[in-house]
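Below: one structure, written as structure tokens.
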Amino acid sequence: MENKAIAKAFKLCSQLMELFNENPFRTKAMASASFKIDKLPFPAVDASLEELSEQPGIGKSTADKVLSLIHNGSFPELDKLIAKTPTGIMEMLSIKGLGPKKIQIIWHDLGIETVGELLYACNENRLVEAKGFGLKTQEEIRKAIEFANAAQGLFLYAKAEKVAMPFMQRLATTFPDAMHTFTGEFRRKCEIISSVDILTSAPIAEVAQMLANDDSYTLLEQFDASIQFTDVYAGKYQLLFTSAKEFAIDLLISTGSDAHLQQLKALQDPLPNGQTETEIYQALGLKYIAPELREGLREVQWAKEDKLPELINFADLKGTLHNHSTYSDGVHSLAQMASYCKDQLGLEYLGICDHSKTAVYANGLSIERLAEQWKEIDLLNEQLAPFKIFKGIESDILADGSLDYPDEILQQFDFVVASVHSNLRMDEEKATQRLIKAIENPYTTMLGHPTGRLLLSRAGYPLDFKKVIDACAAHAVVIEINANPLRLDLDWRWQQYALEKGVILSVNPDAHRTEGLLDMHYGIYAARKGGLSAPHCLNALTKDEIETYFSNRRKNNTK
DNA sequence: GCCGTTTTCGGCCCGACTGTTTTCAGTCG
């Protein structure tokens, strides 16, 4: 069991305790244990009871519960709480804007026990009657439920990948003579997946038998040439069966989006067959189009004119910018983050961007603590040379669009990532103006996660993307592709516009621990979907090049 | 429930923002 899952269980426990009005200090202790476990720099499964209870915020009682979670999947107190909570009430806890206190009122005063009933009550204007609720709250809750409903049955790419890879492995081992490959949304590296699609030339009857013999799979539907099933994680799969002869054309047809296929069919219908996808594209008079691009934007036109971008690869990245350390809310120290980059990833540099002072919840850096961090960076840079740590900051964009430190501090950073973390519910005009003001700040090097969205969990604030991107172009501000699989923000659908305007993009992991740096893989997928090539990616610059880039930017500031 | 003593129990307690109030409670990052 991973620390994240353990932390989640404690969070749930604390929410349920609050829901049932248990001792607020015990409730709080539970919430703080959740927070602490999430931030442990080692896996809890490897720790002993003593080691766990030595951690600040974790006592003997909590350590016992952690061990129980690891060995039994739960602990008695949590089980009891869950047993007396209707499932609908549990579901409400995961809806943004609803906490234990509001749910208490919904449950006890309004007698509502399911999310469906709650949505109905919003539509009937019945929530406004409840104490502490008004029109705006009702509307926010209605929107949040609709967002959650739309997310039903969908998975983050990263989550789908976790179950898809072992299944593919198994298929390949069981049917070594057949061809198998991912296709559909998964092969296109879509940020959100409705089903993991696999094309195979294995015999359908035998594959069906393999699935039927394994309890961990549940058959949904079987047709002549396809099987749909789910696994224990509720991940949905679609197996498409074909012959070796038709493999290439079926791969091409099952990979592309509807819009992409329509554009191909406009060239020739029905599509020609071939030995490989490259051959088929050639027969259509096109260059080979990478699966990530097959979304029906402009790739077919590009392929016709031989203007397809040379898509960026993970290996093109020379460094990483926008990362956290224990100076704010990261799990690993500066030194740990740096040596991971240097030794494990073979990178030339690390940009450290801990949170700025306004982000109190994330232990944001006061000016005094900044000085401390800079001293340590200087020391590490001596020890690790030629590897370099760049002094950055993730500066909060305040409500009015200004940055978080006075100019004399801002000018001392190598680079500044400006991001919004609070006040997320602005309308489009205000939110756009706020970002533009931050972009116009001469010390802003880069705009962090532009919309603040959390995929399948929270919509971003609305933005006039054209205006924001145009402002970045005008002020030579880089836009981040936040590589966290929950964000992938800037969205790939807007990257082409940014690239046309000459905006440089940066694939940033926003890592809060060493393993988080690997999220850059997801960022690369999103960047490839957007058509990014290495020359337009900031962290594909070598250390020397980016040093020059930063110093030129700073010279321009002082003019 | 955790911590730090006052060694056996009492004190703990993000803060900004928002929407609801008419002085504050709930939620979030």
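Since we're looking at a predicted model, the values are computed, not measured. Chain naming here is simple, since letters A, B, ... match the order of the sequence lines and numbering starts at 1 in each.
- Closest to the side chain of A:A29, out of B:dG19, B:dG1, B:dT27, is B:dG1.
- Residues A:G99 and A:G59 both approach DNA chain B. Their nearest nucleotides, taken by heavy-atom distance, put A:G59 toward the 5′ side.
- Checking side-chain atoms of A:Q495 against main-chain N and O of A:K529 turns up no donor-acceptor pair under 3.5 Å.
- As a whole-Å value, the separation of A:I397 CD1 from B:dC17 C1' is 18 Å.
- For the C1' atom pair drawn from B:dG1 and B:dT8, the interatomic distance equals 16 Å after rounding to whole Å.
- Protein atom NZ of A:K36 is 12 Å distant from nucleotide atom C1' of B:dG1, rounded to whole Å.
- A:E18 comes within contact range of no nucleotide atom at all, as no heavy-atom separation falls under 4.0 Å.
- With a cut-off of 3.5 Å on both pairing distances, B:dT8 has no Watson-Crick or G-U wobble partner at all.
- Going from atom CG of A:L384 over to atom OG of A:S339 covers 7.0 Å, rounded to the nearest 0.5 Å.
- Counting to the nearest Å, the P atom of B:dC28 and the NZ atom of A:K101 are 13 Å from each other.
- The distance from the NE2 atom of A:H421 to the NE2 atom of A:H449 is 3.5 Å, given to the nearest 0.5 Å.
- B:dC28 sits 15 Å from B:dT20 when the P atoms are compared, rounded to a whole Å.
- Rounded to whole Å, the distance from CZ on A:F133 to C1' on B:dG19 is 11 Å.
- For A:N423, taking side-chain heavy atoms from C-beta onward, the closest of the listed nucleotides B:dG26, B:dG1, B:dC17 is B:dC17.
- Among the heavy atoms of the strands, none lies under 4.0 Å from A:P24.
- Note on ring orientation: taking the six-membered ring where Trp is involved, the planes of A:H521 and A:F314 are parallel (angle under 30°, cut-offs 30° and 60°).
- Following rounding to the nearest Å, A:D400 (CG) and B:dA16 (P) show an atom-to-atom distance of 15 Å.
- When the P atom is compared between B:dT21 and B:dG26, the two are found 13 Å apart, to the nearest whole Å.
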Is there any protein nitrogen or oxygen under 3.5 Å from a nitrogen or oxygen in nucleotides 5-15 of chain B, and what are the pairs?
from, atom 1, to, atom 2, distance (Å)
B:dC14, OP1, A:K28, NZ, 3.3

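- Rounded to whole angstrom, the span from the CD atom of A:E140 across to the P atom of B:dC17 amounts to 17 Å.
- Comparing B:dC13 with B:dC2, their P atoms are spaced 16 Å from each other, to the whole Å.
- In this structure, the CE atom of A:M17 is 11 Å from the P atom of B:dC2, given to the nearest Å.
- Counting only heavy atoms from C-beta outward, the side chains of A:Y443 and A:I393 never approach each other to under 4.5 Å.
- We find that CD1 of A:I141 is positioned 12 Å from P of B:dG19, with the value rounded to whole Å.
- A:K357 places a side-chain N or O within donor-acceptor distance of the main-chain N or O of A:D404, the cut-off being under 3.5 Å.
- You'll find that the side chain of A:K96 is closest to B:dC28, out of B:dC28, B:dG19, B:dG1.
- Across all strands, A:K131 comes closer than 4.0 Å to no nucleic acid atom at all (heavy-atom distances).
- With respect to A:K143 and A:E139, no salt bridge is recorded, no charged nitrogen being found less than 4.0 Å from a carboxylate O.
- Of the candidate nucleotides B:dC3, B:dT27, B:dG19, B:dC3 has the atom lying nearest to any side-chain atom of A:P56.
- Residue A:K136 places its side chain closer to B:dG19 than to any other of B:dG19, B:dC2, B:dT27.
- Counting only distance, with no hydrogens or angles, the side chain of A:E117 and the backbone of A:I112 share no donor-acceptor pair below 3.5 Å.
- Under 4.0 angstrom from either OP1 or OP2 of B:dG1 there lies no side-chain N or O belonging to A:T27.
- B:dT5 sits 14 Å from B:dC12 when the C1' atoms are compared, rounded to a whole Å.
- Note on A:T62: a side-chain N or O is less than 4.0 Å away from OP1 or OP2 of B:dC2.
- Salt bridge status for A:R26 with A:E77: present, with a side-chain N to carboxylate O gap under 4.0 Å.
- Taking the P atoms as reference points, B:dG11 lies 14 Å from B:dT6, given to the whole Å.
- Comparing A:R26 and A:Q15 by the nucleotide of DNA chain B that holds the closest heavy atom to each, the one mapping nearer the 5' end is A:R26.
- Comparing the P positions of B:dT22 and B:dC17 gives a spacing of 23 Å, expressed to the nearest Å.
- Across B:dG1, B:dT20, B:dT18, the shortest atom-to-atom separation from the side chain of A:K65 is found for B:dG1.
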